[in-house]
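Encoded as structure tokens, the structure appears first; notes follow it.
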Amino acid sequence: MEKQLDYAVYFDKVYGCWLGKCICGTIGAPYEGMKQMISLDYSPELFAEMLPNDDLDLQVLWLEGLEQKGIHIAGDDLAKLFSEKNILWPGEYAWFKKNYDRDICPPYTGIYENDFYFEGMGCPIRGEIWGMIYPGNPDGAADICQIDGTLDHYGNSVYFEQFWSAMIAASFFESRIPALLDIGMDHMPKDSRAYALVRDVRQWCDREEDIGRIRSRILAKYGHRDCTNSFQNMGIIVMSLLKGEGDMITSTMMAVRQGFDTDCTAGNVGALLGAVMGARHLEKEYGFRDAGYKLTLNYKRKTDRVYDLAADTCRVGLYFIREGRSAVTIANAPDEKPWHPKCEAEPVTIHAEYGEGPYLQPGEEIRIGIVIQNHTDRGLTGMVTAEPSDALEVFAEDSAKGGSAAKPMYLSAGKKTRLILHVRHKADVDYVSETNAVTVKVTTQAGQAQRRIGVVGKTPYRVFGPFWDNIVSIPKLNPKESYYSKIPGVGRENYTDIVRCYHLNTRVDPQKEYMTALERSGNGDRKTFEKEGEICFCEGDVIRMKQICAFDGPCAVYLRRVIVCQEEQTVHLNLGHTDAFELWINGESVCRCLEPEGWTPENIHLFGKKLRKGNNEIMIKLIRQREDAKFTMTFLKADPLLEALAGPVPALKHMVGLLSQARP
């Protein structure tokens, strides 16, 4: 049965959603990242001046994309806007940017090397717009928001955005929080951890009166050390909605007082309750007013008024309804010429499927699926070609090997056609570039479609080691003399411990230099295999000790890498580590850490490091004192204003020739 909604109600709810998002997000913004209970009393002064917030930024960009492409909007359209118009690159945003600049296409931009932030809160904070353009259609909202979420996330974080978008869409006809939560949960995989969180928090809220106890239970079962992780923050949102008793201020302040990603938790609470209540109620009951909004984007709309943002959102929503995307009738809509998007649908689009990942080293081959979509209502005939960049070779699965792939193809009306490309990195190369691509072109009577399919060159290192020490150094023995007498120990238990540790384990000293400066430079004597080294390749910025060193036990290795720069440049670096390490750039020690740490991609920030024109030698000493060690090194553009929020360096070129043999 088709639902009916008066335009005045539709607009009021959209306006209320945006107003709640902006004002409540501003209330929480100053406390973002505080992982503790916050003592804070409510005052209208908390939102006297609007603060910029990425929770709103990207949704404003998505509105621009919707105005451009309408119902034909795709992840590629959002990715282009994100890459070109966004200027701050924290957390998962940076990994989207790095992958996108390597010509990796959505939804894979949210996957590769994004193994810390992939469940970040940056995904469910931008789900409102999809619900607002699909009023009364939670299914449609939950479906379309995936093209957004998978830009820089995957898995549970995307499920949370689907949950949230569905609730916003349902709020145009349903005002009861428990019923909205039911609808949201219907749009999450029931075997997912995200679903389990919402289920558990609802049960705890039914059983517990003490907010602090509920918060403790959320953190005990779903907590994460990252203040922006979606699990604890979505738990706080659900708790605040249920325990806030439908009051905007009570619910918002409850969310803020729990700490963590407070602008997000407060902003989401405000958005949903704003959609439920409508703007007129917010203005009358709580004194909310349209103080505008602020963006941190390389983009502006015609005005910065929330009212105008709501009107533009409703205009797109009415268009989606006319196109049959929601079974809703909007009565008394503005008497104006029906609005249509600026761009027509592309007749043919091309996408990639990285079944084996995008990484290649010299001599390796991967298969990449190519999906060609015919969006027209007629069959198309044409030619598909694939041209590789210089370091690559490519051929279609059913074609002969060669430097390019070309084959005729028939594209059925409205259907997808798949083919498999074999992509091989040439073995005999002096350089490995991080960024490579295969350019796929499809030429039909409807025109030509083209796409660059990114292939990431693995990072080459020369690995020296392993180096390790025994627990005890046994001196020279006389003939038939037992070494057991040389092992120290106080008492039977301590002596047994030392003996068995000597038998079963090794040790490594983080402060000990196992290679001299001369040996590290490549000019010392290399009388042992460990100091000759051998080539290995790592995927992107990540070094895992088990993948580069087969020795089982505590040890040290040294890794040498040569980066080739076309010109001198200044960069920032983010370092992540689980164990001790030291880093040299062109012979200068720039960072030394002797203590283990819980890994994040940003354990250490180095600003303003120089890379010279030509070859730059990176030397890393890695220590493993436990089962495994992980080290990451990400180069960022050196922007003194953005510092850690600057975007990643898009591509690095590595010299393989200097690594493949010991230098004289």
Side-chain angles (χ1 to χ4, degrees), residues 65 69-83 96 99-112 114 143-155 158 343-360 365-389 392-399 404-424 435-456:
K69 289 297 186 74
I71 61 173
H72 304 293
I73 195 165
D76 287 330
D77 304 309
L78 301 183
K80 189 173 187 294
L81 284 167
F82 195 2
S83 177
F96 155 79
N99 282 324
Y100 187 71
D101 286 349
R102 297 190 290 191
D103 291 313
I104 295 173
C105 57
Y108 300 97
T109 46
I111 296 176
Y112 297 117
N114 188 24
D143 184 54
I144 194 173
C145 78
Q146 293 179 84
I147 66 171
D148 165 18
T150 53
L151 293 178
D152 50 347
H153 304 83
Y154 62 92
V158 179
C343 303
E344 295 294 327
E346 295 166 347
V348 176
T349 56
I350 305 166
H351 295 279
E353 293 180 339
Y354 292 101
E356 302 171 11
Y359 301 98
L360 270 181
E365 180 181 300
I366 58 173
R367 301 193 315 163
I368 299 177
I370 305 299
V371 181
I372 303 168
Q373 171 87 55
N374 178 4
H375 297 279
T376 73
D377 58 2
R378 60 191 174 115
L380 300 174
T381 57
M383 182 68 68
V384 180
T385 62
E387 293 292 335
S389 54
L392 304 179
E393 298 173 330
V394 63
F395 62 96
E397 188 153 83
D398 55 355
S399 303
S404 65
K407 63 182 300 181
M409 182 167 286
Y410 177 77
L411 307 176
S412 300
K415 300 292 185 180
K416 295 179 180 179
T417 302
R418 287 178 168 82
L419 62 91
I420 301 295
L421 293 181
H422 291 249
V423 182
R424 182 178 181 273
T435 301
N436 309 271
V438 175
T439 301
V440 177
K441 297 179 182 179
V442 179
T443 305
T444 70
Q445 61 266 46
Q448 186 180 85
Q450 178 175 312
R451 177 170 212 125
R452 283 174 58 87
I453 308 298
V455 176
V456 181

Pair I368-V438, side chain to side chain contact (heavy atoms under 4.5 Å, CB included): steps then yes or no: CA-CA 10 Å; I368 299 177; V438 175; 5.8 Å; no
Search all heavy atoms of [X] against all heavy atoms of [Y] and return the closest pair with its distance.
X    : Y    : answer
C105 : D76  : CB-OD1, 4.4 Å
K407 : A396 : CD-CB, 4.3 Å
A79  : P106 : CB-CG, 3.8 Å
V394 : P388 : CG1-CD, 3.5 Å
A406 : T385 : CB-CG2, 3.9 Å

Within this structure, what is the [atom1]-[atom2] distance for the pair [X] and [Y], rounded to the nearest 0.5 Å?
X    : Y    : atom1 : atom2 : result
Q450 : E387 : CD    : CD    : 10.5 Å
T376 : L411 : OG1   : CG    : 8.5 Å
I350 : T417 : CD1   : OG1   : 11.5 Å
I366 : Y354 : CD1   : OH    : 7.5 Å
E365 : L360 : CD    : CG    : 8.5 Å
D101 : F96  : CG    : CZ    : 8.0 Å

From CA spacing to verdict: side chain to side chain contact (heavy atoms under 4.5 Å, CB included), R102, T435: CA-CA 5 Å; R102 297 190 290 191; T435 301; 4.0 Å; yes
Listed partners of T381 passing side chain to side chain contact (heavy atoms under 4.5 Å, CB included), at least two apart: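 Scan of T381 (side chain to side chain contact (heavy atoms under 4.5 Å, CB included), adjacent residues dropped) gives Y410, Q445.
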Taking the side chain as every heavy atom from C-beta outward, state whether [X] and [Y] have any pair of such atoms under 4.5 Å apart.
X    : Y    : result
V440 : L421 : yes
H351 : Q373 : no
M383 : Q448 : no
L419 : E397 : no

Residue pair Y100, K80: steps toward the side chain to side chain contact (heavy atoms under 4.5 Å, CB included) verdict: CA-CA 9 Å; Y100 187 71; K80 189 173 187 294; 3.8 Å; yes
Does [X] reach the main-chain N or O of [Y] with its side chain, forming a donor-acceptor pair under 3.5 Å?
X    : Y    : answer
T109 : N99  : no
N114 : I111 : no
S389 : A437 : yes

Working for side chain to side chain contact (heavy atoms under 4.5 Å, CB included), residues I73 and I144: CA-CA 9 Å; I73 195 165; I144 194 173; 4.2 Å; yes
Listed partners of H375 passing ring-ring contact (aromatic ring centres under 6.0 Å, His included), at least two apart: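 Here no residue qualifies.
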Mutual orientation of the aromatic rings belonging to Y359 and Y112 [parallel < 30°, tilted 30-60°, perpendicular > 60°]: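 Perpendicular.
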